[in-house]
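Please read the structure below before turning to the comments.
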Number of protein chains: 2
Amino acid sequence: MGRKRTKSGKIRLAEVAELAGVSPITASRFFRNPEALSVAKRTRVESAAKELGYVPNLAARALASQRTEVIGVLIPSLTNNVFSDVLRGIYDASEGSRYSIQLSNTRYSILQEEKLLRLFLAQKPAGLIVTGIDQTAESRAMLEAADCPIVQIMEIGPDPVDMMIGFSHYDAARAAVAHLFEQGHRKIGFVGARMDPRVQRRLDGYVSAMKDAGLFEQRLVVTTATPTSVTLGGALFADLLAREPDIDAVFCANDDLALGVLFECRRREITVPGQIAIVGFNDLEFMASAVPTLTSIRTNRYEMGKTAATMLINAIEGRRPEQPVLDLGFKVIERQSSSTRRSDSRPAVSGAGAANKMIALPSSHD
Amino acid sequence: MGRKRTKSGKIRLAEVAELAGVSPITASRFFRNPEALSVAKRTRVESAAKELGYVPNLAARALASQRTEVIGVLIPSLTNNVFSDVLRGIYDASEGSRYSIQLSNTRYSILQEEKLLRLFLAQKPAGLIVTGIDQTAESRAMLEAADCPIVQIMEIGPDPVDMMIGFSHYDAARAAVAHLFEQGHRKIGFVGARMDPRVQRRLDGYVSAMKDAGLFEQRLVVTTATPTSVTLGGALFADLLAREPDIDAVFCANDDLALGVLFECRRREITVPGQIAIVGFNDLEFMASAVPTLTSIRTNRYEMGKTAATMLINAIEGRRPEQPVLDLGFKVIERQSSSTRRSDSRPAVSGAGAANKMIALPSSHD
DNA sequence: GTCGTTGCTGGTAGCGCTGTCAACGTTCCT
DNA sequence: AGGAACGTTGACAGCGCTACCAGCAACGAC
C-alpha cells in the first residue's frame, strides 16, 4: 500500500515506518537520536529496520540535513611510512563511527593542498584533518572560515586554526643532537631529503643545537629536495664524506636515510658506531633489527592519527576537548649505532637491541 | 528575483541558469554532457558558472540520479608498502576524473571484507576495486549481483567477477626458485609471514618448483601467521637455521623478511651470498641499496593501481576493455645476494647493484 | 505541402530524507 | 484544580539536482 517501491525493491525509511506503525519522521529520529523516542516505538522501529534490512540513503540525508558525515583528510604522501601509520590510526578511530574518511594527497604542494581544500570545503565535510601548519594564506583563511572542526596533525605550533596534535620536530632534532653530544661526538653531520616543512624544522633544531655548542658549520649539512630513499641516504652521506671526511656522527632526517648511511658505511668499511655514529628519525620497525641496531627518535604516529580522528569526531558531536593542542612528544631510542659504551658488538642472542635506553621528552615549544 | 539564496549565499544551479539565461535543466546538462548544448548556450553557462564560482552539490546529484561518483577500494592493509604503492596508482588515476575514492581496510579478514562490501554496495558506488580473488561465497555473490564495474587486483585467476589485473604469485615464486637453481643452489629454505592468500600461493609455487626438482622437504619451510616485519625475518631465519643448518639459500615471501634475514646473517657472520643466498619479493627500493644488494622479484604495483583505476573509470563510462583480465607479470631482479659469479664484493663506486640482470616473464597461469 | 527526423530546450515531478513547528498527552508544581 | 513544563509525535515543506517526456524549430524526403 501507499507508495510503490523503488525499482530495485529498495527499502526506504517510509517502509520501515509503515511496518513499525509510526510516522516516517519518528523513524528518522530513531536513527539520529534514539533517546528521543519512547522505548516502545524505539524497539518497534529497530526491529522493523532489521527485518527489512533497511540501509539509510546517505545522499538523501546529506541533502536534507545540509551536512555530510565525511571527514576529509589531507596528507602529503601515500607512500611515506610515516603517513601510512598516521592513516591507520585515523581509519581505526573512524571505524565504527558514522563518519567515513575522504583521503586526498597533496604531494607536498601547498598549492595542491589549497585546491583540494577548496574542493573538500565545498562539500561541507563534518570535519577536516590537515597535515602541518604551513598552509597558504588563502588556505588558512578558508580553514578559519570553515564551519567544521579541524585538526592539524604532525606538528604543533603557536597558532592553531582549531585543534592540533603533534610534536616539536625542532625539539626532537635538538634532543637527537644532544644525545650525540653526550656520547662524545662533536663533528656531527646532517643528512636530509625532500625538505618539507617538518624536515626543515628538524634541520633548524640541529643547527640551533650545534650553534649552541659552537660547533655549527654549513659544510656539515647535506640536503636535497629529492624524495627520500635508502639509496639517497647513501649518496648524500657520500657527498658529506667527500666534503668533511673527519665527521664522527650523522643525524639523518629520517630512518630510510639512516639505513642508507649504514649501508654506505658498510660498503666503505667504516665501522658504526666506532668511526661514525648514526641517528635516524621516526623509529621505524627495521631500526631495531639492523646490524648494528640504529638509534632513532620515536614518534607516536599511529596514536597521533587515532587521537586526531577521535578528537575530531568528539568535536563534531559537540564534545570539544578541554585542551585543543596536544603535544605527543617523542623519545630518543638509544641503540648500538650511537652508543659509546660498546656492548660486545655481536650479541649472543639474535634479538636486536636488547636493552634500549629510552629518553622520554615532552617537546616544549619555545 | 526568483527563489531566495541559501543562508550561506550558496550558488545553486538555478542561479547559474538564471545568469546564463537558460533553464536549470539546460545548465545541468552542461555539466553532464556539454556536447548536447548549442555552442552559444554552452559558453554562456560556462562563463556564468565560473563567474559565480558554482560548485555542484554532490548529494543532490546522487539523490536525483540514483548513483554516486564514488569508487570503493578494499585493501587488506594500509601499512604494507605494497598496498601504498598500489593506492598511489589508484589515486593518481582518479585525480582529475570526476570520481572520488572511498578507501576501506579489511585487515586481511574476508569477513570484514564482506561487511565492508555490503556497506559500500548499499551506497551504489560507481565502481569497486577489491583485493585478490579469495572472497567469501556471500561476498562473491554480492559482487556478481552488483550493478557496477568491478576490478580485482593483485592477482589473476581463472574466474574473474568482472575485470582483473595482477600477476601470478605462483609463477613468480617458481621463477625465484628457478633462479636459485640456476645459481647452483639446492637446499633452499622458504620464509613467510602473515600467510595471506597471495603469500600462500608464493609458498605453493616454491613447493611445486622444489618438488619438480625432487628437492622439497617440509622442514625447509618456516612460516607464521604473524604480520611481517624485518625483525620477524631474522627470527624465522634463526628457526630455519636451527632446523636445517646446512641450507644454501633462502627465498623470502617479501622484502622485509629478506632484509631481516640479511641482518641475521650479518649478526651470525654468515656470508651472503657466499654461504647463503637470499631472494626477496616485491623489489622495494632498499633492496638495491643493501650490502650486499638483494635479489628480488619486481612487481608492478603502482602501474597495477593506476591501470586498475583507469580501466574501472573507462568501464563506468561505458568503454569496456577489450581484454578484461590483465597480467602485469613480474621480473626477477638478480643482485649480489644470489649471484654466484661473484663480482668484487666491494664495488669501487657506491652505486649499488651496478648491472642488474633482469629476467622478464609474463606469468602464465596454469 | 506534408510528414518524419534530428537537435536542442524546457516543464514537471520527484529522488529519500530531515528541519521546523505545532500539537498532543502526561506529569509536576502551586 | 489549574497551569506550566516537559516529553513525544506528526504534518509540511523543502534540500539541489536530474529523469522523463513534451515541445519547438529547422531540415530533408517523399
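Of the N and O atoms on the side chains of A:Ser97 and A:Ser94, not one donor lies less than 3.5 Å from an acceptor on the other residue. Between the side chains of A:Arg88 and A:Ser84, no donor-acceptor pair is found at a separation under 3.5 Å.
In terms of phosphate contacts, A:Arg61 brings no side-chain nitrogen or oxygen within less than 4.0 Å of OP1 or OP2 of C:dC15. Look at A:Ser28 and you'll find a side-chain N or O under 4.0 angstrom from OP1 or OP2 of C:dT18. At D:dT9, one or more side-chain N or O atoms of A:Ser38 fall inside 4.0 Å of OP1 or OP2 (strictly under the cut-off). Between B:Lys41 and C:dT9 there is a side-chain polar atom (N or O) within less than 4.0 angstrom of OP1 or OP2. Contact between the side-chain N/O atoms of B:Thr26 and the OP1/OP2 oxygens of C:dT9 is not found at any separation under 4.0 Å.
Both A:Val39 and A:Pro24 sit near DNA chain D, but only A:Val39 has its closest nucleotide nearer the 5' end. Along DNA chain C, the nucleotide nearest B:Gly21 and the nucleotide nearest B:Ala64 are compared for position; the residue whose nucleotide lies closer to the 5' end is B:Gly21.
Atoms CG (B:Leu63) and C1' (C:dC17) sit 8 Å apart, rounded to a whole Å. B:Ile25 places its CD1 atom 11 Å from the C1' atom of D:dC21, with the value rounded to the nearest Å. Atoms CD (B:Gln66) and P (C:dC15) sit 8 Å apart, rounded to a whole Å. Rounded to whole Å, atom P of D:dC17 lies 5 Å from atom CG of B:Leu13. Atom CZ of A:Arg32 is separated from atom P of C:dG16 by 17 Å (rounded to the nearest Å). Across the protein-nucleic acid pair, A:Asn33 atom CG and D:dT8 atom P stand 10 Å apart, rounded to whole Å. Distance B:Ile11 CD1 to D:dC15 P: 15 Å, rounded to the nearest Å. For the pair B:Glu18 CD and C:dG10 P, the interatomic distance rounds to 13 Å; values are reported in whole Å.
Among the atoms of the strands shown, only primed sugar atoms or phosphate atoms (P, OP1, OP2) are found under 4.0 Å from some heavy atom of B:Ala36. Using a 4.0 Å heavy-atom cutoff across all strands shown, A:Arg42 reaches no nucleic acid atom at all. Among the protein residues, B:Arg29 comes within range of the nucleic acid bases, having at least one heavy atom under 4.0 Å from a base atom. Backbone-only engagement by A:Tyr54 is indicated by non-hydrogen atom pairs under 4.0 Å involving sugar-phosphate atoms exclusively.
Checking side-chain atoms of A:Glu155 against main-chain N and O of A:Gln152 turns up no donor-acceptor pair under 3.5 Å.
A salt bridge does not link A:Lys124 to A:Glu69: none of the charged side-chain nitrogens sits closer than 4.0 Å to a carboxylate oxygen.
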Residue pair A:Arg118, A:Glu138: steps toward the salt bridge (charged side-chain N to carboxylate O under 4.0 Å, His left out) verdict:
CA-CA 10 Å; A:Arg118 203 183 309 278; A:Glu138 183 124 3; 3.6 Å; yes
